[in-house]
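This report refers to the structure that appears directly beneath it.
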Amino acid sequence: MSAIFTPYMVLLILSAAVATYMTRIGGYVLVKRLKTMPPRLEAALNAVPAAVLTTLVAPAFFAGSIDIKLAMAVSLLVGLRFSAIPMLIAGWVVVMVLRQVLI
């Protein structure tokens with residue numbers, strides 16, 4: 001048996017899987033039991049995508065170098081006008097060009 005798959009590691013992985021499943025299914029079960037969704041709960045659930053996006057983008061912006069920051073700025077501007085694919089391509093091109101020029 002590999003050092004990675006010790007009984008404790010397997011137990012940890014299984015516990016994490018159960019905890020993840022319970023948190024995901026718990027929210028679904030809670031919302032399904034409600035007859036009507038309170039406006040505050042609906043507003044909170046509508047805010048989740050923006051909060052998740054912020055937690056993904058903010059650390060990269062503040063910890064990243066100038067190429068990452070410029071790529072994010074360009075992606076933001078392109079994203080205001082076009083769909084997601086051109087936005088991703090623009091950000092990728094900016095990062096690749098700046099990495100070739102700066103490094």
Side-chain angles (χ1 to χ4, degrees):
M1 182 177 269
S2 171
I4 296 173
F5 292 110
T6 64
Y8 297 113
M9 186 59 70
V10 172
L11 182 61
L12 177 67
I13 292 170
L14 291 175
S15 300
V18 169
T20 300
Y21 180 76
M22 295 305 288
T23 56
R24 289 176 183 243
I25 198 72
Y28 176 77
V29 169
L30 178 67
V31 169
K32 279 300 198 184
R33 286 189 177 207
L34 297 173
K35 302 256 188 274
T36 60
M37 191 175 304
R40 292 183 75 170
L41 177 60
E42 187 172 353
L45 291 175
N46 287 335
V48 168
V52 170
L53 184 62
T54 303
T55 61
L56 294 174
V57 171
F61 182 79
F62 289 110
S65 58
I66 189 69
D67 58 340
I68 300 294
K69 292 176 182 170
L70 288 174
M72 286 185 173
V74 168
S75 295
L76 174 68
L77 294 175
V78 171
L80 292 174
R81 176 69 177 96
F82 299 103
S83 65
I85 298 297
M87 178 184 69
L88 292 170
I89 291 171
W92 178 78
V93 167
V94 169
V95 166
M96 292 299 114
V97 168
L98 287 176
R99 286 185 179 173
Q100 291 299 316
V101 171
L102 296 177
I103 295 177

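This structure is a prediction, so every number in the text was calculated from the model and none was measured.
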Residue pairs, two or more places apart or on separate chains, that pass salt bridge (charged side-chain N to carboxylate O under 4.0 Å, His left out) and touch [range]:
range	result
residues 71-88	none
residues 5-17	none
residues 33-56	none
residues 45-54	none

Not counting sequence neighbours, which residues clear side-chain contact (heavy atoms from CB on, under 4.5 Å) with [X]? List them please.
X	result
Leu56	Val52
Tyr28	Ile25, Lys32
Ile85	Ile89
Leu53	Val57

Over 12 foreign heavy atoms within 6.0 Å of CE, Met22: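 No - once you tally the heavy atoms of other residues, nucleotides and ligands closer than 6.0 Å, there are 12 at most.
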All pairs passing side chain to side chain donor-acceptor pair (under 3.5 Å) where residues 88-103 contributes a residue, at least two apart: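 For residues 88-103: Asp67-Arg99.
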Hydrophobic cluster (4.5 angstrom, side-chain heavy atoms) - remaining members for Met9: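 Members besides Met9, by chain and number: Leu12, Ile13.
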Grab the two heavy atoms, one from [X] and one from [Y], that are nearest each other, plus how far apart they are.
X	Y	result
Gly91	Ala71	O-CB, 3.5 Å
Lys69	Gly64	CE-O, 3.5 Å
Ala60	Met72	CB-CE, 3.5 Å

Beyond-backbone contact of Pro7 with Leu11, side-chain heavy atoms, under 4.5 angstrom: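 With C-beta onward as the side chain, the pair stays apart.
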Same cluster or not: are [X] and [Y] linked, directly or through other Ile, Leu, Val, Met, Phe, Trp or Tyr residues, by side-chain heavy atoms under 4.5 angstrom apart?
X	Y	value
Leu14	Tyr8	no
Ile68	Val74	no
Val95	Val78	no
Val94	Met96	no

Spatial distance of atom CG (Leu30) from atom CG (Leu41) [nearest 0.5 Å]: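 So the CG of Leu30 and the CG of Leu41 are separated by 7.0 Å.
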